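Please read the structure below before turning to the comments.
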Amino acid sequence: MAPVGPRSGDAIFSSIDRVNAELFTLTYGAIVRQLLTDLEDVDEVNKQLDQMGYNIGIRLIDEFLAKSGVSRCVDFKETAEMIAKVGFKMFLGVTASVSSWDADGTCCSIILEDNPLVDFVELPDTCQGLYYCNILSGVIRGALEMVSMKTEVT
Amino acid sequence: MQFFGGSEISPSPPVPTATGNNAHMMYVFNRNGVCLLYKEWNRPLHTLNPQQDHKLMFGLLFSLKSLTAKMDPINADKGNLGVPQLPGQGCSFHSFRTNTYKLSFMETPSGIKIILVTHPKTGDLRESLKYIYGLYVEYVVKNPIYSPGSPIKSELFNTALDQYDCRYIRFWSSVAIAPRQGFIYRRRYTLRAIESQHCVFHYLRGESSQRDVSNCPYPRMIFPHEI
């Protein structure tokens, strides 16, 4: 029996339950706001967001694998493409692009053209150095760790 | 001197006819070998205590995966023997069949292993295993109270599994694996085939004509006798 090929991000995104985008954005904004009030230090908040993302990532990977049915990626380039094209499309509904590969092929940038997390957001001057979307870094780091790939995401 | 004929030694269990549950047991392991779930619907014989049983199962899977990956005739890149393969890498076996049960296996790249032991005449269960993985994601992974790496205690998950089995796999009511007269324990389970992604290993073991249990019959040869 030939294995079913991996489904594209669009197909999966349209078949799973979705929440209102504004609700998601505002909830995330509220979380960051509360963290800033509780912790006051911008670096602490960044670390906390990364940790939250990590906890999400270690569970998210199973859902990603179950819904998309992809098999193990051969190399890091394919992994990055998979995250950008299938992963982000499946969970956030936006497609990212991969660029700025270094010579070894071990480092790259994933660019999100329109990021749903930052809609309506303006950072004040007191929050310089805050990585607002650090939760996404944590998610990617956690998910890749569960498939035996140790990465650093900033 | 008694001679044990080929097909009489360990008779195949009767083909299931009634509706209901065909699966005997199910195991779910994570990447560290922790048994997250062990579910039993129909298991008349218990030979080991649960911890030993889980360890044995995990060790068996590890060895079989290494074996099938190294003996893969298609894949050119094989690591050295003994080097553990990353989950999902290389050719992985997906089931093996003996004359009394069939064990189906699925491993995800994240290291979750799902094992289902069923009647030997069951077909390919890969789609079923994928569905069970989907159930795992829905009821276990998405549960905020569940901490990853600990045994699963979710009632919803158990209920969903029972319902899935009852609906899609038929019931095997009288499981008598009763030994026949003069039966030797060691020959109860005869391995028939190990199926992996790229090939199927068939196994036929010759029967000795001696009653002496201390002499182990040699495996005769390996050839495809049935698909």
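Quick caveat: nothing in here was measured; it's all calculated off a predicted structure. Reminder, nothing fancy here: chain letters follow the sequence lines and each chain counts from 1.
- The two atoms that bring A:Asp62 and B:Val137 nearest to each other are O-CG2, 3.4 Å, heavy atoms only.
- Put simply, OG on B:Ser147 and CD1 on A:Ile58 are 9.5 Å apart, with the number rounded to the nearest 0.5 Å.
- Closest approach of B:Pro109 and A:Ser71 over heavy atoms only: CG-C, 4.4 Å.
- Ion pairing between A:Arg72 and B:Glu107 fails under the 4.0 Å rule for side-chain N and carboxylate O.
- To the nearest 0.5 Å, atom NZ of residue A:Lys67 and atom OH of residue B:Tyr133 are 10.5 Å apart.
- Residue B:Asn30: no heavy atom, backbone or side chain, is found under 4.5 Å from chain A.
- The 12-atom threshold is exceeded at NZ of A:Lys85, counting heavy atoms of other residues, nucleotides or ligands nearer than 6.0 Å.
- Applying the 6.0 Å contact sphere to OH of B:Tyr38 captures more than 12 heavy atoms from other residues, nucleotides or ligands.
- Annotation: side chain of A:Arg59 is not in contact with side chain of B:Lys142 (no heavy-atom distance under 4.5 Å).
- Between B:Arg31 and A:Ser148 there is a side-chain heavy-atom pair separated by less than 4.5 Å.
- Within 6.0 Å of CD on A:Glu152 lie no more than 12 heavy atoms contributed by other residues, nucleotides or ligands.
- Across all their heavy atoms, A:Ala66 and B:Gly134 have their closest contact at CB-CA, 4.4 Å.
- By the 6.0 Å contact criterion, OH on B:Tyr146 is enclosed, its count of non-hydrogen atoms from other residues, nucleotides or ligands being greater than 12.
- For a residue to count as touching a neighbouring chain, one of its non-hydrogen atoms must lie under 4.5 Å from one of that chain's; by this rule A:Leu65 touches chain B with backbone and side chain alike.
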